[in-house]
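These notes are about the structure you will find just below.
Heads up: numbering here begins at 1 and tracks the sequence.
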Amino acid sequence: MSNPLDADPTPCNQKSGMDFRDRGIYAQLLELMLNLQQTIGDHFVKLTTRQWQAQSLEEANRIQVVREQEDVINHTVCQMISLLWTEAAADQRLQESLHSLNSREVWKKSPSSRQPDQPVRQSSFQASFVSHVLSNRGVDISDFYQSHFQDYDAYQQDKYHEEKNPLGFLNLGVSENKLCVDLITERLCQNDVNCIEEDLLQYSDWRGHPLLREEVARFLSYYCRAPTRLDPENVVVLNGCCSIFSALLMVLGDPGETFLVPTPFYGGFTFVSHLYAKVELFPVHLESEITEENSEPFQLTVDKLEKALLEARQKEKKVRGLVLTNPQNPLGVVYSQDSLMEYLEFAKRHNLHVIIDEIYMLSVFDESIKFHSVLSIERLPDPDRTHVIWGTSKDFGISGFRFGALYTHNKEVASAVSVFGYLHGISGITQYKLCRLLQDREWIDTVYLPANHSRLRTAHKYVTKKLRALKIPFVNHGSGLYIWVNLQSYLKPCTFEEERALHRRFLDNKLMLSRGKSYVCKEPGWFRIIFAENHVPLKL
């Protein structure tokens, strides 16, 4: 079928000059639409800025409605601009006009700069003009990022600082351990950690430097209580645990295939699975209510795994594996060895891979709880399909180092994942520092871990005491850097729309929390609070 826009509307005897002027209308209309979009954006910014200080929930909901209207209008305008740009770009004679529009600040800049006490509202206008440049896949990635990370971008531009920026964002949403910065900084400044050698300045093995992989194998053998020494050849290191997770999804599943994940689960998994691998994460929904089936909130059982697997297959999903996090994020649950064995045996029965993220394994601060690594199990049900992820971001509070490690007994999987070192490798200098840090067992056992666990306990106690005083229910476990809190009593009615409005209210008051919807939680009203923060901002 022909496109109406492809038809030539001018009479056959029309001069070519007039035809060119008609074609130029696309550029003129485009400029008008750009001006209109900026005007609309300024209007909505002023509209919400005038009202943001209102304290009632009714006013907060009204602002939310205004913002939703803004999104609808902006989406429509963006579609019109995209269409105009596509048509104009098809004519080489209009390239100069388009170039001048492309360089205009009207669509590159954010809405008018705000004062420190005004609400942050990252506008989607900034990403509105990419469709004439990006592929469909590029547009999809850009839209996905904007929808998930706008608030984080706002925080990066306006971080709280006790002296330099006391009105900035308080970040209790991103899982970072800031309690032992003094100890880790002191250790990383010592001479033995700082080394510049020619070998470290060159490309290294894509799997990671042999010295680091050997040390990771020793480290995991010791702290995971492995029954036999782990093999360095089964270790792959990349720039972060999400890179490891993404690489595993790429080599274990094809686009459109499925992995089971108990909910609520770490929201980054959704972004990572969407970015490269294009696999689906199929939720195994858990409930907070204690029943005959649930002896504790959000309890994972094999029966629930079986039901989710059956449901996925009934929907004609090809299930390739099971994803677990231990200690669990955001619940803080530490799985018993018996439970782990049940989950692994379930996976073996159905020929499923198991990806288990143990990034919080050294952040179990309740002395009554014992952590059991999958690597501590002497006889794994299916070792060739069991893959463990660990990194230093959480346990050592150095997320900026960008380090993640895979341990798998399957050398074919290790070999395939190592290829991603070509794109996601770690600098030689960083690998050397990590190697020296992990080697210092005495400092870790006698200085760092005792202090870190003590400070985690103190911060956890402070926050949970405040929550109890406010009569806010929460899931109480002694691990991780976070607390899963129930704010359903503040939602009228208890819906995900109201959860979103409450989340926006927090952001307008410069507080970053993570809401349950981003963890695929079945029940609205749950939020994750990070407590591994210094006392002054935590108190504030």
Quick one: closest heavy-atom pair of [X] and [Y], and the distance?
| X | Y | result |
| --- | --- | --- |
| Leu188 | Asn194 | O-ND2, 3.5 Å |
| Pro327 | Ser479 | CB-OG, 3.5 Å |
| Ile377 | Gln337 | CG1-NE2, 3.9 Å |
| Met361 | Cys224 | SD-SG, 3.6 Å |
| Gly480 | Leu456 | O-CD2, 4.3 Å |
| Ser514 | Gly173 | OG-O, 3.0 Å |

Stepwise salt bridge (Lys or Arg N to Asp or Glu O under 4.0 Å) test for Lys317 and Glu311
CA-CA 9 Å; Lys317 307 286 185 183; Glu311 181 184 352; over 6 Å; no
Just so I know, are the side chains of [X] and [Y] near enough to count as touching, which here means a heavy-atom distance under 4.5 Å?
| X | Y | result |
| --- | --- | --- |
| Val237 | Phe403 | yes |
| Asp384 | Lys411 | no |
| Leu502 | Arg504 | no |
| Trp526 | Leu487 | no |
| Glu498 | Cys494 | no |
| Ile444 | Arg187 | no |
| Leu212 | Leu434 | yes |
| Thr408 | Val236 | no |

Quick one: does [X]'s side chain have a donor or acceptor within less than 3.5 Å of a partner on [Y]'s backbone?
| X | Y | answer |
| --- | --- | --- |
| Asn329 | Thr325 | no |
| Glu257 | Val319 | no |
| Asp366 | Ser368 | yes |
| Ser246 | Cys242 | no |
| Arg320 | Leu252 | yes |
| Ser273 | Thr270 | yes |
| Glu533 | Leu538 | no |
| Asp254 | Ala277 | no |
| Thr185 | Asp182 | no |
| Tyr407 | Asp231 | yes |

Apply side chain to side chain donor-acceptor pair (under 3.5 Å) to the pair Asn171 and Lys178, showing each step before the final yes or no.
CA-CA 11 Å; Asn171 183 5; Lys178 300 177 182 177; over 6 Å; no
Mind running ring pair (Phe, Tyr, Trp, His ring centres under 6.0 Å) on Phe527 and Phe506 for me, showing each step along the way?
CA-CA 11 Å; Phe527 284 75; Phe506 287 135; 5.7 Å; yes
When rounded to the nearest 0.5 angstrom, what is the spacing between [atom1] in [X] and [atom2] in [Y]?
| X | Y | atom1 | atom2 | result |
| --- | --- | --- | --- | --- |
| Ile483 | Arg528 | CD1 | CZ | 11.5 Å |
| Glu197 | Ile429 | CD | CD1 | 8.5 Å |
| Gln156 | Lys159 | CD | NZ | 4.0 Å |
| Arg207 | Asn234 | CZ | CG | 10.0 Å |
| Ser427 | Phe401 | OG | CZ | 9.0 Å |
| Ser288 | Glu523 | OG | CD | 3.5 Å |

Glu442 meets the side chain to side chain contact (heavy atoms under 4.5 Å, CB included) criterion, sequence neighbours left out, with Asp440, Thr446
From CA spacing to verdict: ring pair (Phe, Tyr, Trp, His ring centres under 6.0 Å), Phe396, Tyr448:
CA-CA 9 Å; Phe396 287 91; Tyr448 180 76; 5.1 Å; yes
Taking the six-membered ring where the residue is Trp, are the ring centres of [X] and [Y] under 6.0 Å apart?
| X | Y | answer |
| --- | --- | --- |
| Trp206 | Phe420 | no |
| Phe365 | His460 | yes |
| Tyr343 | Phe346 | no |

Determine, step by step, whether Arg213 and Asp205 satisfy the salt bridge (Lys or Arg N to Asp or Glu O under 4.0 Å) criterion, reporting the C-alpha distance in whole Å, the side-chain angles of both residues, the deciding distance to 0.1 Å, and the verdict.
CA-CA 10 Å; Arg213 288 188 289 113; Asp205 188 326; 3.5 Å; yes
Does atom [atom1] of [X] have more than 12 heavy-atom neighbours from other groups under 6.0 Å away?
| X | atom1 | answer |
| --- | --- | --- |
| Tyr276 | OH | no |
| Lys348 | NZ | no |
| Lys522 | NZ | no |
| Glu296 | CD | yes |
| Lys517 | NZ | no |
| Arg225 | CZ | no |
| Glu289 | CD | no |

Criterion side chain to side chain donor-acceptor pair (under 3.5 Å) on Asp357 and Asn326, from CA distance to verdict:
CA-CA 6 Å; Asp357 184 350; Asn326 184 36; over 6 Å; no
Which of these passes side-chain contact (heavy atoms from CB on, under 4.5 Å) with Leu380: Leu344, Val354, Leu340, Leu375?
Leu344
Before giving the answer on salt bridge (Lys or Arg N to Asp or Glu O under 4.0 Å), spell out for Glu215 and Arg218 the whole-Å C-alpha distance, their side-chain angles and the decisive distance to 0.1 Å.
CA-CA 5 Å; Glu215 195 51 51; Arg218 279 193 290 267; 2.8 Å; yes
I would like to know whether Asp382 and His353 meet side chain to side chain donor-acceptor pair (under 3.5 Å); could you show each step before the answer?
CA-CA 9 Å; Asp382 193 351; His353 289 274; over 6 Å; no
Given Trp484, which partner from the list Phe531, Phe265, Tyr519, Phe474 fulfils the ring pair (Phe, Tyr, Trp, His ring centres under 6.0 Å) test?
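Result for ring pair (Phe, Tyr, Trp, His ring centres under 6.0 Å) with Trp484: Tyr519.
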Qualifying residues under ring pair (Phe, Tyr, Trp, His ring centres under 6.0 Å), relative to Phe149, sequence neighbours excluded:
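Applying ring pair (Phe, Tyr, Trp, His ring centres under 6.0 Å) to Phe149 gives Tyr145, Phe271.
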Are any of the side-chain nitrogens in Glu306 or Arg349 under 4.0 Å away from the carboxylate oxygens of its partner?
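Looking at Arg349 together with Glu306, the answer is yes, because their closest N to O distance falls below 4.0 Å.
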